[in-house]
Structure formats: C-alpha cells, structure tokens
Amino acid sequence: MLEINVLRDNAPQIIERLKKRNKDFTQQVNAILELDEQRRACQQEMDQALSESNVLSKQIGDLFKSGKQAEANEMRAKSVEMKESSHKLKDQFHELDQKLTEALYDIPNVPQDSVPAGKADTDNEEIFAEGSIPELADNNKAHWELTEQYGLIDFDLGSKITGAGFPVYTGKGAKLQRALINFFLDEAENAGYKEVIPPLMVNEDSAFGTGQLPDKEGQMYHATEDNLFLIPTAEVPITNIYRDMILKEADFPIKMCGYTPCFRREAGSYGKDVRGLNRLHQFDKVEIVQFQHPDKSQETLDTMVEHVKNLLRKLGLPYRVLRLCGGDLGFAAAVTYDLEVYSAAQEKWLEVSSVSCFETFQSNRLKCRFKGEDGKTHLAHTLNGSALALPRIVAALLENNQDENGIRIPECLHRYTGFDRID
RNA sequence: GGAGAGAUGGCAGAGUGGUCGAAUGCGGUGGUCUUGAAAACCAUUGUACGGCAACGUACCGGGGGUUCGAAUCCCUCUCUCUCCGCCA
C-alpha cells in the first residue's frame, strides 16, 4: 500500500501517474486526504484529552498518598467524566484510522515513468527478443500429445487423484522436473541468492503482507479449519521472512531464492488456454527475491531480468521480454517485465517469468524497514521474479525440441537429467 | 487429542496496581586510554503516530474489561514450550 505521507505531499502527481492504469483516482485520493486530515485532527484532540487525564491520575495518586482523601475523591469524579469523552475520541480515532487504512488498500502502486500507457496485454512493449523460432515438421505435436506419447505426464491420472490441473509427472517427465528445479536453483545460487525451503502454507498475516489478502483470497486454496493458505508463489513465504524487521543498510542487498510448488485456484479461468501445461492448479517454480536499498532497486531489477534471460538462453528457448503496460501491471507492482517463450507447436508465446519491483508498496505492509545513514528508518524496496516457472518451460522444450524420433534435451540439463533425449 | 507452564526492549532476564517506556546483564554506537588492537572506563542506544518545535500520545503476544490510574487484576483469542497419547 502507498505511504500516507508520500500521498499527502504528492497527491496531484500521484493521481496523474496513476492514470496509466486507465482509471481516475482523483476522488479516492481526495477522500483519503480528507480522512487523513480528520484523523490527525482527531488524534490531536484525543492526545490532549489523554494527556489531561494522565496528569489528573497522577495528582489523585499523590493526594491519596498524602492522605487527602476528600480532595482525591473530588478529582476522581472529574476524572470519570473526562474518561467518557476520551473514550469517545478513542473510538472515533480508531474508526477513522481503520477507514483510512482500508481506503489506502484500494489504491494500486504508482507505475514508474518507463511503464507504457495501455489497456491490455496487447499494449505491452516488447523491449528485447532473442533466439530463433524452430521450424517444425508438418506432423509436429503439441506438448500434451508428446507427454502422452512418451509417458511423461499423466493428466487424467491427476484428475482421478485430485482434479483437473494437478498433473502426475512420470518417468523421464518426473526426472525432467527435478532436473529443471536443480538447474534453476544452482544458477540462482551462483548468482548469489541464498536458498530457502519455506513453508507451503502461510497464515493470514503473511498473506496480507505480500498483498494476497484482503482482495485476492479467491486465488488461494484456504484450509479453513486452521485458517492457513496454500502459497500461490514462493514470494509469499520468502518475502515474509523479513516482515516486521528493521535491517541495517549494510544488509543490502538481501538475495534469496527458493523452489516450491505453487497452488492457484484459477477460479473463473476454465476453458481457454488451460490445455496441457498452460495453466495448472499446482505447478513448480523457483523464485528469486531481493530486498534492496531504494537507490539501488532499479539496477537490481535489471540484473534480475538479466538472470532470467540467461536461463532461457542456456535452455535454448526463443524468448522475448515485455515491459507491461499500465493496464496489465499487477496491483502491487511499480514496474514489471514479463518473459515469454515461444512454444512452436502451439504457435504462441507463453509467460514463464514475471520480474517486478514493488518499491515500498509491499514493505509498507510488511513493515520491512532499514536504518539509513541519517539514523532514520525507511521502507526497503522489494523485488521478485520467477526463475523460472516450470510447466510452460517444459511445454516449450518438448514442442520446440521434438523431431521424428523423440525430444532433445538442452545440454545445460544433461548433468541433471542423466539423459540427453526422450524417446 | 489429554495435562501443565509460559509470552516483557536486538538477545537474556527483573518487575504483581501509581515513583515503569520499563531494573540488570549481554550486544550495538560514539568517546577516553593505546603505536595499533584487546581490556578497562565514560556516554549513548526501541517503534509508531501527531507537532515547525518544545513536546505529547500509544505500544510489555492480539482483542476486550475492571480502576481516577494496568506490564501488573479479570475475560477471551493466538502462539510457544514441557509431559502423555498417536504418528512420518
């Protein structure tokens, strides 16, 4: 969520920049400023009242001690009276504070200047592309055919055990998963990321910290009995490691990576684009996360994109990098780069990574701060990216590398798979 | 699942109704001393909100209550630990 004091000081600019999201926030922002005004006025009144009764209480105590019962009792009556009004002010303050916070939840992050204007994914800006699109034989197959032909993934079996979107990886298909995970983790480690294996379920506070709650609870599987949520991405548990913390400036950059399965309900997305590996309820992903000094987050973002590009390069997949337009930008992100690979049999681009800088939007909720040179505390910047999400990588690998007799495995994976072909 | 204990500042750990934002120790920071370091000594050291500032207010796991006054008493929730049972 946005910082109230930043919004207070820069309202017109913020409203202007938010227009990139194709919505006018003037009214909402004005309502917030109004609430903020009221809240501050109320706090002053409340603090005043509390201060007075604190003084009074102290005096009463002194009077009792020096044996002046009568006077003390008289003041006590006065104090009771005051209590009523301070109680009212307290309630009022809390109500205003609550309203203000809730109103702030509804304002998305402010897009950076580089974010192009636009309404939908068709307006995203392609800023880089690499790799050549393979020419497949006429009788080429989509990955869901290949996985069946070579016994790599059993979608029907997953449906039987759990439901649609929960595939069973078998034989070389399972081994390929493991290989990719290890490859991605090793690459991340080589780039200085510390590996963590976080919990796959998180509590409400964590889901709130990274912004899944209060709005997007429909996306997560919810174990109501224990009020825990299955993670939709490792971003949630990993970023929450630093919730409620004050870091030292020397701690930056904090670089962490982790492999986890991810669980997404994907409610309402049935029908289109869900065939095979394109959209699953459970999938594997290696995530990279960084906490960074605000002055350095921009270059950090670039290095993270570079890291992902490198992975795709090594895998030999044709890919492109998109800078998301304002209309496609996630609620919490200030800027996002999507990386897409070309899946040659399906003849379409598949999103395999999303690298974002959230500036202070997440850390404000997380209360992740650092003590600066000036001795004051400031909110850290958070960044994260997929490096990488497996299913669509597998889809593209299978489709792009197929030939008459099987599927070629990219060289960087050989030491992990132990085989160089699937046939 | 049953029985019990507990939750206090970065950590350890006092504090059972006013003198407590909170003793003490450790740690951190600054300084003295030293060729340098260590040791010793001195000082300083929580967060948030409001205020130009002085300063005020709130916070001792969360929420509620009693009281003129709560870290301290009551209720409730959450979490942690120990023992028993079950179990990978």
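All values derive from a computational prediction rather than experimental measurement. Values reported hereafter were calculated over all heavy atoms of this structure, with side chains retained and with hydrogens, waters and symmetry mates removed.
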task: Respond yes when some side-chain nitrogen or oxygen of A:Thr377 is under 4.0 Å from OP1 or OP2 of B:A48, and no when none is.
output: yes
field: Salt-bridge contact A:Arg40-A:Asp36 (side-chain N to carboxylate O under 4.0 Å)
entry: yes
task: Looking only at non-hydrogen atoms, find the nearest pair between A:Leu413 and A:Ala179 and report the distance.
output: CD2-O, 4.2 Å
- prompt: Touch check for A:Ser79, heavy atoms < 4.0 angstrom, all strands: base, sugar-phosphate only, or nothing?
  reply: sugar-phosphate
task: Return the nucleotide paired to B:G56: Watson-Crick means purine N1 to pyrimidine N3 with N6-O4 or O6-N4, wobble means G-U with N1-O2 and O6-N3, both under 3.5 Å.
output: B:C49
message: Under 4.0 Å from OP1 or OP2 of B:U57: is there any side-chain N or O of A:Asn54 that close?
response: yes
Rounded distance in Å between the C1' positions of B:G56 and B:U32: 37 Å
For A:Glu195, all residues meeting side-chain hydrogen bond (donor to acceptor under 3.5 Å, both in side chains), sequence neighbours excluded: none
message: Is the phosphate of B:G56 approached by A:Ser51 (side-chain N or O, under 4.0 Å from OP1 or OP2)?
response: no
message: Judged by each residue's nearest nucleotide on RNA chain B, which is more toward the 5′ side, A:Lys90 or A:Ile4?
response: A:Ile4
query: Which nucleotide, in any strand shown, forms a Watson-Crick or G-U wobble pair with B:A40, with both distances under 3.5 Å?
result: B:U32
task: Could you tell me whether A:Lys58 contacts a base, only the sugar-phosphate backbone, or nothing, with contacts defined as non-hydrogen atoms closer than 4.0 Å?
output: nothing
message: Is the ring pair A:Tyr221/A:Phe166 parallel, tilted or perpendicular, if the boundaries are 30 and 60 degrees?
response: tilted
query: Start at the 5' end of RNA chain B and walk down; is the nucleotide closest to A:Val55 or to A:Arg40 reached first?
result: A:Arg40
